[in-house]
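The structure under discussion appears below in the form of structure tokens.
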Number of protein chains: 2
Amino acid sequence: MTTIYDVAQRAGVSPATVSRALSGAKGVSEATRQKVLAAAKELHYSPNYIARSLKKRQTNTIALIISDITNPFFTTLARGVEDKASEHGFNTIFCNTDEDPKVEAAYVELMLRRQVDGLLISSCSDGESLRLLARKDVPVVLVDRRITHSRWDYVIGDSEYGAYALTRHLIEVHGKRRIAIISGPLVLSTSRERIEGYKRALREAGVVLSPEYIRVGAYKEEFGYQAMRELLAGSFSVEAVFAGNNVIAVGVIRAARELGVRVPEDLALVTFDDFDLLSALFPFLTAAKQPAYTIGAIAVEMLLERIRGEKIRERREVVLRPEIIIRKSCGCP
Amino acid sequence: MTTIYDVAQRAGVSPATVSRALSGAKGVSEATRQKVLAAAKELHYSPNYIARSLKKRQTNTIALIISDITNPFFTTLARGVEDKASEHGFNTIFCNTDEDPKVEAAYVELMLRRQVDGLLISSCSDGESLRLLARKDVPVVLVDRRITHSRWDYVIGDSEYGAYALTRHLIEVHGKRRIAIISGPLVLSTSRERIEGYKRALREAGVVLSPEYIRVGAYKEEFGYQAMRELLAGSFSVEAVFAGNNVIAVGVIRAARELGVRVPEDLALVTFDDFDLLSALFPFLTAAKQPAYTIGAIAVEMLLERIRGEKIRERREVVLRPEIIIRKSCGCP
DNA sequence: CTGAAAGCGCTTACAG
DNA sequence: CTGAAAGCGCTTACAG
């Protein structure tokens with residue numbers, strides 16, 4: 001491996017000068033710079049960023065901790081993160097927690113050891129596994145899910161609004177009353193806020209439902225499936241379902257299909273998060289589509305500001321309104 | 001930041017001993033180890049992996065260079081990579097090239113500077129942009145796309161077989177003859193091999209077509225769209241289309257829809273790569289589904305073997321057969 | 001079993 | 001403008 005010393009020798013200058021010339025620092029004469037550049041080229045010199053990172057205490061790397069890159073919402077968010085980060089010379093390490101707080105905590109610990117300059121986190125807990133992070137002063141921006149009692153900036157979609165709009169649509173346009181919600185766990189802000197929005201729409205319409213209509217579990221396909229089966233098996237005569245997110249929606253559809261329940265004829269369905277490609281091919285699901293790419297891109301910008309050490313005292317809270325896309329699954333033509 | 005020196009002082013031993021105790025090396029007495037562990041804990045010591053990487057000349061990091069994480073095939077492949085890599089204590093840096101060789105070359109260069117221990121690459125060129133890599137002896141495993149004249153291991157799907165099976169299905173089961181292919185660029189092995197498979201099926205069936213039925217372009221939605229429009233506008237009376245990959249298929253469907261051409265009634269469609277979620281919800285597209293997750297996982301294992309320096313002389317060529325999933329878009333009930 | 005010392009490949013005050 | 005020197009935080013022969 002050729003180092004800065006080899007280049008220095010070849011160019012007949014000191015390593016310090018090579019470093020300056022290569023980094024484009026000013027105090028270097030043009031002649032020297034050319035000599036160094038030529039030597040570096042001849043030797044196919046490639047600087048070692050690990051050494052630089054150690055010295056500068058900056059790695060130009062950020063971590064993105066999410067539940068699953070395979071979830072289209074996170075895929076798009078991740079792309080937004082990668083694009084914006086690399087635009088600024090940062091690379092991104094991706095971590096999938098599969099909604100397991102233990103895995104999340106382990107990844108956070110590992111990323112800290114790797115000296116990432118900052119972290120983007122969609123936490124699968126209410127911050128419990130992030131307690132060790134709170135003690136450090138490494139920059140963090142929360143994405144998709146906020147943690148109320150933390151001081152970190154966040155960029156999220158407006159869950160309350162999306163849920164409200166979706167539920168209200170079912171009530172007003174389609175005259176549904178018996179609307180169930182199949183929600184993620186209450187430790188997550190998205191779940192709580194979507195339930196709030198759902199409740200507000202019902203309240204405004206004067207609909208009173210048994211608590212059984214609210215199913216709280218996990219953002220997992222299997223939970224959507226189970227919950228839907230239970231709802232269909234019970235004597236609730238559910239007319240419509242609000243799936244807490246796209247993964248749950250998949251389970252809901254599977255359950256409905258198995259039981260011969262047709263969507264939307266027998267059961268109206270609305271959901272959070274869109275499936276981009278699917279919707280391009282088969283515009284079917286009525287959904288609250290969050291600006292996933294933008295969430296990722298904005299989060300990176302905010303993180304980089306913190307990394308640069310810009311003095312921003314207050315916690316920044318960015319809440320982006322989802323787009324309500326009316327298609328067929330709710331019963332619209 | 002607390003370092004190994006702080007821990008050493010606290011434990012009343014030398015930094016060398018701390019290093020040994022923490023790394024679990026053997027030559028350390030149990031008593032000393034406990035003292036060190038206790039001191040490390042009290043001080044919330046977190047080892048700096050950058051320093052370790054510099055010394056050990058190993059970063060435990062690999063790079064995954066693909067065209068677009070947003071493409072479901074690569075999303076799943078990436079998940080396979082991340083799972084397998086982290087299982088072995090490696091982290092993954094993701095790079096999206098958007099099929100631009102310049103971007104690819106820049107990423108490769110950058111990853112080398114970052115001292116990744118190895119690279120997984122789905123190259124968007126025929127290796128041109130990887131020329132500088134060929135000179136180094138950093139481990140590389142090609143995924144999804146092979147480069148014939150290189151010495152690197154690869155893990156890919158069997159494009160020739162998949163294309164053959166798909167085309168043959170159109171001919172034998174549906175009696176189609178006028179089958180067009182909308183293919184990616186010829187610099188990519190996947191394109192060439194899919195065209196080969198397509199041609200073999202036609203040849204065996206004694207079908208002779210004008211070269212106009214073969215459209216070569218890019219793995220881009222826009223190209224699928226344009227090519228489909230041209231095919232439909234011409235006097236080819238195309239009965240069926242083989243879309244070179246999933247992205248092209250999306251463009252094909254958009255074009256057909258715009259022109260009021262129904263799939264499969266007016267036009268049969270088969271494609272490479274499945275859309276996992278979409279297919280779970282709407283089983284419609286007949287496709288050659290490549291084992292994307294497995295491709296990623298196997299590629300990592302092979303890469304790690306190279307990184308460990310295991311002496312494997314020959315180039316390893318893993319070709320995984322895609323599953324032919326017959327659904328409705330080809331005309332099957 | 002333990003420690004002193006060198007070194008991984010850079011950057012950057014400090015002098016001149 | 002240029003160089004000698006120190007140091008980033010580890011690991012690991014080499015001694016003892």
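Only a predicted model underlies this, so the values are computations on that prediction, with no experimental measurement involved. Here is how names work: the chains are called A, B, and so on, in the same order as the sequence lines, proteins then strands, and each is numbered from 1.
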Can you check the distance between C/dC14 and C/dC10, where both ends of the measurement are the P atom (answer in whole Å)?
24 Å

Between [Y] and [X], is the closest basic N to carboxylate O distance under 4.0 Å?
X        : Y       : value
A/Glu30  : A/Arg33 : yes
A/Arg79  : B/Asp98 : yes
B/Arg145 : B/Glu99 : yes

Count the heavy atoms belonging to other residues, nucleotides or ligands that lie under 6.0 Å from CD of A/Gln9, then report whether that count exceeds 12.
no

Does a side-chain N or O from [X] land closer than 4.0 Å to OP1 or OP2 of [N], or not?
X       : N      : value
B/Ser53 : C/dC8  : no
A/Tyr45 : C/dC10 : yes
A/Arg57 : D/dG9  : yes
B/Ser14 : C/dG3  : yes
B/Ser19 : D/dT11 : yes
B/Ser29 : C/dT2  : yes

Which one is paired to C/dA13, where only Watson-Crick or G-U wobble pairs with both distances under 3.5 angstrom count?
none

Is there a Watson-Crick or G-U wobble partner for D/dA4 with both distances under 3.5 Å, and which nucleotide is it?
none

Side chains of A/Tyr219 and A/Thr190: do they bring a donor and an acceptor to under 3.5 Å?
yes

For [X] and [N], give me the distance from atom [atom1] to atom [atom2], rounded to whole Å.
X        : N      : atom1 : atom2 : answer
B/Gln9   : C/dG3  : CD    : C1'   : 16 Å
A/Lys56  : C/dC8  : NZ    : P     : 22 Å
A/Tyr49  : C/dC10 : OH    : P     : 11 Å
B/Leu22  : D/dC10 : CG    : P     : 9 Å
A/Arg52  : C/dT12 : CZ    : P     : 9 Å
A/Leu54  : D/dC8  : CG    : C1'   : 4 Å
A/Arg113 : D/dC10 : CZ    : P     : 11 Å
B/Arg20  : C/dA4  : CZ    : C1'   : 10 Å

Need one value for A/Ser23: base, sugar-phosphate or nothing, where a base atom within 4.0 Å counts as base even if backbone is also close, heavy atoms only.
nothing

Any A/Ile69 side-chain heavy atom under 4.5 Å of B/Glu82 side chain:
no

Give the nucleotide from the list [options] with an atom nearest to the side chain of [X].
X       : options               : answer
B/Thr17 : C/dT2, D/dG3, D/dT12  : C/dT2
A/Thr32 : D/dT2, C/dC10, D/dA4  : D/dT2
B/Lys55 : C/dT12, D/dC1, D/dC10 : D/dC10

Go nucleotide by nucleotide along DNA chain C from the 5' end; which of A/Ile50 and B/Tyr5 gets its closest nucleotide reached first?
B/Tyr5

